[in-house]
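Not measured: the values here are computed from a predicted model. Read the numbers this way: they start at 1 and go in the same order the structure lists the ligands and their atoms.
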Amino acid sequence: MSLELKNPELLRDRAYINGQWTTAGSGKTFEVTNPANGEHLVSVPDMDDTDTRIAIEAAEAAWPAWRSTPAKERANILKKWFNLLMENQEDLARLMTAEQGKPLAESRGEVGYGASFIEWFAEEAKRAYGDVIPGHGKDKRIVVIKQPVGVVAAITPWNFPIAMITRKVAPALAAGCPVVIKPAEDTPLSALAITALAEQAGVPAGLVNVITCSKPNAVAVGGELTGNPIVRKVSFTGSTPVGKLLMRQASDTVKKVSLELGGNAPFIVFDDADLDAAVAGLMASKYRNTGQTCVCANRVYVQSGVYDAFVEKLKAAVSKMVVGAGLEGETHQGPLINQAALDKVKRHIADATAKGAKVALGGQAHALGGTFFEPTILTGATQDMLIASEETFGPVAPLFRFETEEDAIAMANDSEFGLSAYFYSTNIHRVWHVAEALESGMIGVNEGIISTEVAPFGGVKESGLGREGSHYGLDEYMELKYLCLGGMR
Ligand SMILES: NC(=O)c1ccc[n+]([C@@H]2O[C@H](COP(=O)([O-])OP(=O)(O)OC[C@H]3O[C@@H](n4cnc5c(N)ncnc54)[C@H](O)[C@@H]3O)[C@@H](O)[C@H]2O)c1
Ligand SMILES: O=C[C@H](O)CS(=O)(=O)O
């Protein structure tokens, strides 16, 4: 399939190290395919730890000049990069839908969302403020300054192939740090395309490096990124098991670590909720990216008094969804990323129905075949089902019935995850009580889409460490240094 790019230069088949578009030292490559039809898109370098070491050393060499570049100059380069992403939004969206499968409208949205982090941190670059603290002695003067942490390793997932990268690279560059990026093997093309635009924007050689590799080589590449002492910061977005592994590996050299991990978001509808708003919010939260987002509603708790009415309203909305290949027309849902993702969806539905749940809508592989699946609603879900304790990462909404506010909070908090949570209520007293009681890093109140560059994104418990975006996001790439000036008159 022709991708019909206005700027064919954005389709890259080389990785990027030290300002050079390069092959793997081994000469090996791996295929990138379209999940909607299995078609081969392009082959990219299958790099290993040796290539990674070269990239890390290039980043280290480029760091001194970048860290001494005035913040305003760093900001201007970031602003050029932002403008280039927006000027190439359609091409970047087409590339993303081709390699990841999300609807084209969602891909366009992600390009804008990803670019917003570059725009935001172009401004934050100029606000890395320190402190002057009243001295503890007559002759003492105390100053606190912020300095870039150093070489950053960024390892990112396939579900948001641009935004998960810019959410790390933008603050790193703004803080004065060079970055070595390892994108997901399913979606390297978006990473390479935005890197080509970074090069065009004037990001100096060595500052941004992209290591593409297959899944088997990820272990060796990750081992180098987490083990090489030159790397001072690891920023990972992906599953909790891999995050734990990388955290363990990074501990040998005591690297700073940011982890954006798995979720299991509760979505609670109280009997005083605006049901139409709650249905709209659930549609946006649950089925976005075919349910493959870390902040998707994963468990839907509905208070008894409104349960039946909510089920009917949700069925009416979900039944209007159009499923299809995103490059063949406007759709609401694309394919799942791969067979393993499809198998997990089927496993969760089979387990739930075996334990008493009913399929109210969908529940089957889609007639389109491949990894397409029908948007699904289950009723009669209970806490003992896999779908309650595991992240489904697919287009399945399991509805649980509850009686009291305390029951809902207890069930919502009954998880090792705590990334996002949502609830709908028009009672202000209940809003404050429930928001304070839920164990989650982010909460949508009467809102199903909460992700934005201006607010701190991140989780508690086993959903991660640290925050991305907002003014908090810059500090993840900075070190505090305390100066004590003695002998002052
Ligand atoms: N909290 C967030 O912001 C956020 C955002 C997106 C996705 N996620 C989570 O990510 C998961 C889905 O993404 P995924 O399937 O790509 O996750 P994943 O953990 O399998 O892979 C994420 C990245 O880690 C790499 N990787 C895997 N094993 C590695 C290893 N041993 N060493 C080095 N790198 C390794 C992969 O190649 C990929 O680039 C879900 O759990 C989702 O909730 C979280
Ligand atoms: O999947 C995880 C992403 O962080 C989702 S969002 O685009 O930031 O909402």
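- Annotation: Gln292 places no N or O atom under 3.5 Å from an N or O atom of ligand 2; distance criterion only.
- Summary of contacts: the protein heavy atom closest to atom 5 (C) of ligand 1 is Thr237 CG2, 3.1 Å.
- For the pair Ser463 and ligand 1, the shortest N or O to N or O distance does not fall below 3.5 Å.
- Among protein heavy atoms, atom 4 (O) of ligand 2 sits closest to Arg167 NH1, 3.1 Å.
- Taking a cut-off of under 4.0 Å to the non-hydrogen atoms of Pro157, the atoms of ligand 1 that pass are 6 (C), 7 (C), 13 (O), 16 (O).
- Considering each of Thr293, Val242, Leu245, the one bringing a non-hydrogen atom nearest atom 26 (N) of ligand 1 is Val242.
- Within the set Ser239, Cys213, Ala218, Pro183, the minimum heavy-atom distance to atom 19 (O) of ligand 1 is found for Ser239.
- Below 30°, between 30° and 60°, or above 60°: for Phe117 and Phe121 the angle between ring planes is below 30°, a parallel geometry.
- Note that atom 21 (O) of ligand 1 has no protein non-hydrogen atoms nearby, at separations under 4.0 angstrom.
- Those atoms of ligand 1 that come under 4.0 Å of a heavy atom in Gly262, given as number and element, are 41 (O), 43 (O).
- A distance-only check finds a donor-acceptor pair linking the side chain of Asp48 to the backbone of Asp51 [under 3.5 Å].
- Counted by atom type alone, Ser258 and Lys233 present one or more donor-acceptor pairs between their side chains at under 3.5 Å.
- Protein heavy atom at the shortest distance from atom 8 (O) of ligand 2 is Tyr113 OH, 2.7 Å.
- Judged purely by distance below 3.5 Å, without hydrogens or angles, the side chains of His40 and Thr33 never pair a donor atom with an acceptor atom.
- Counting atoms of ligand 2 from 1 in the listed order, those under 4.0 Å from a heavy atom of Phe457 are 4 (O), 8 (O).
- The protein heavy atom nearest to atom 3 (O) of ligand 1 is Arg167 NH2, 2.7 Å.
- Ring geometry for Tyr301 versus Phe400: interplanar angle of 30 to 60°, hence tilted.
- Few gaps surround CD on Glu416; more than 12 heavy atoms of other groups in view lie less than 6.0 Å from it.
- The closest protein non-hydrogen atom to atom 9 (O) of ligand 2 is Ser451 OG, 2.5 Å.
- Atom CG of residue Leu261 and atom CG of residue Leu465 lie 7.5 Å apart, to the nearest 0.5 angstrom.
- Counted by atom type alone, Asn298 and Asn264 present one or more donor-acceptor pairs between their side chains at under 3.5 Å.
- Contacts with ligand 1 closer than 4.0 Å are made by no heavy atom of Thr226, backbone or side chain.
- In terms of protein heavy-atom proximity, atom 15 (O) of ligand 1 is closest to Trp158 NE1, 3.0 Å.
- Residue Cys294 has at least one N or O atom closer than 3.5 Å to an N or O atom of ligand 2.
- Taking any N or O of Gly238, backbone or side chain, at least one lies under 3.5 Å from an N or O belonging to ligand 1.
- When Glu453, Glu468, Glu110 are each tested for a salt bridge (Lys or Arg N to Asp or Glu O under 4.0 Å) with Arg167, only one passes: Glu468.
- There is a side-chain donor-acceptor pair under 3.5 Å between Thr237 and Lys168.
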Throw together a table of side-chain donor-acceptor distances under 3.5 angstrom for residues 217-225, partners on residues two or more places apart or in other chains.
{"from": "Asn217", "atom 1": "ND2", "to": "Asp46", "atom 2": "OD1", "distance (Å)": "3.0"}
{"from": "Asn217", "atom 1": "ND2", "to": "Met47", "atom 2": "O", "distance (Å)": "3.0"}
{"from": "Glu224", "atom 1": "OE1", "to": "Arg53", "atom 2": "NH2", "distance (Å)": "3.2"}
{"from": "Glu224", "atom 1": "OE2", "to": "Arg53", "atom 2": "NE", "distance (Å)": "3.3"}
{"from": "Glu224", "atom 1": "OE2", "to": "Asn228", "atom 2": "ND2", "distance (Å)": "2.8"}

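- Comparing Gln249, Glu391, Glu260, Glu185 against atom 36 (C) of ligand 1, the shortest heavy-atom distance belongs to Glu185.
- Near Ile155, the atoms of ligand 1 lying under 4.0 angstrom from a non-hydrogen atom of the residue are 23 (C), 24 (O), 25 (C), 34 (N), 39 (O).
- Numbered from 1 in the order shown, with element, the atoms of ligand 1 that lie under 4.0 Å from a heavy atom of Gly222 read 32 (N), 33 (C).
- Note on ligand 2: Arg288 sits in its first shell, one or more heavy atoms being nearer than 4.0 Å.
- Residue-level proximity to ligand 2 for Thr293 is carried by backbone and side chain together, each with a heavy atom below 4.0 angstrom.
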Inset, instruction - Give the C-alpha distance, both sets of side-chain angles, the deciding distance and a yes or no for side-chain hydrogen bond (donor to acceptor under 3.5 Å, both in side chains) between Trp21 and Glu199. - result: CA-CA 11 Å; Trp21 295 94; Glu199 182 184 43; 3.1 Å; yes
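- Paired with Thr240 under the rule side-chain contact (heavy atoms from CB on, under 4.5 Å), one option of Glu391, Glu462, Lys461 passes, and it is Glu462.
- With Trp120 contributing its side chain and Ser470 its backbone, the two residues share a donor-acceptor pair below 3.5 Å.
- When all heavy atoms of Ile337 and Gln100 are compared, the pair lying nearest together is CD1-O, 3.9 Å.
- Nearest protein neighbour of atom 38 (C) of ligand 1, counting heavy atoms only, is Thr156 O, 3.3 Å.
- With a 4.0 Å cut-off on non-hydrogen atoms, Asn159 touches ligand 2 through its side chain and not its backbone.
- Defined by atom type and a distance below 3.5 Å, a donor-acceptor pair is missing between the side-chain atoms of Glu87 and Asn83.
- Heavy-atom distances between Leu225 and ligand 1 stay at or above 4.0 Å for every pair.
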Inset, instruction - Evaluate the side-chain hydrogen bond (donor to acceptor under 3.5 Å, both in side chains) criterion for residues Ser235 and Tyr477: first the C-alpha distance (whole Å), next the side-chain angles of each, then the deciding distance (0.1 Å), finally the verdict. - result: CA-CA 9 Å; Ser235 184; Tyr477 298 93; 3.2 Å; yes
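- Interface atoms of ligand 1 facing Asn159, defined by a heavy-atom separation under 4.0 Å, are 6 (C), 7 (C).
- Ligand 2 lies within reach of Met164, whose nearest heavy atom is under 4.0 Å from it.
- Regarding atom 24 (O) of ligand 1, its nearest protein heavy-atom neighbour is Phe236 CE1, 3.3 Å.
- If you check each of Gly441, Gly223, Cys296, Cys294 against atom 4 (C) of ligand 1, the one with the closest non-hydrogen atom is Cys294.
- Only the side chain of Phe457 comes within contact range of ligand 1, with a heavy atom under 4.0 Å; no backbone atom does.
- At a heavy-atom cutoff of 4.0 Å, ligand 1 is contacted by the side chain of Met164 but not by its backbone.
- Listed by number with element, the atoms of ligand 1 under 4.0 angstrom from any heavy atom of Leu246 are 32 (N), 33 (C).
- Residue Glu106 does not touch ligand 2, judged by heavy-atom distances below 4.0 Å.
- The shortest distance between side-chain heavy atoms of Phe372 and Gln333 does not fall below 4.5 Å.
- For ligand 1, one of its N or O atoms has an N or O atom of Leu261 under 3.5 Å away.
- Under 3.5 Å, the side chains of Glu390 and His348 contain a donor-acceptor pair of N or O atoms.
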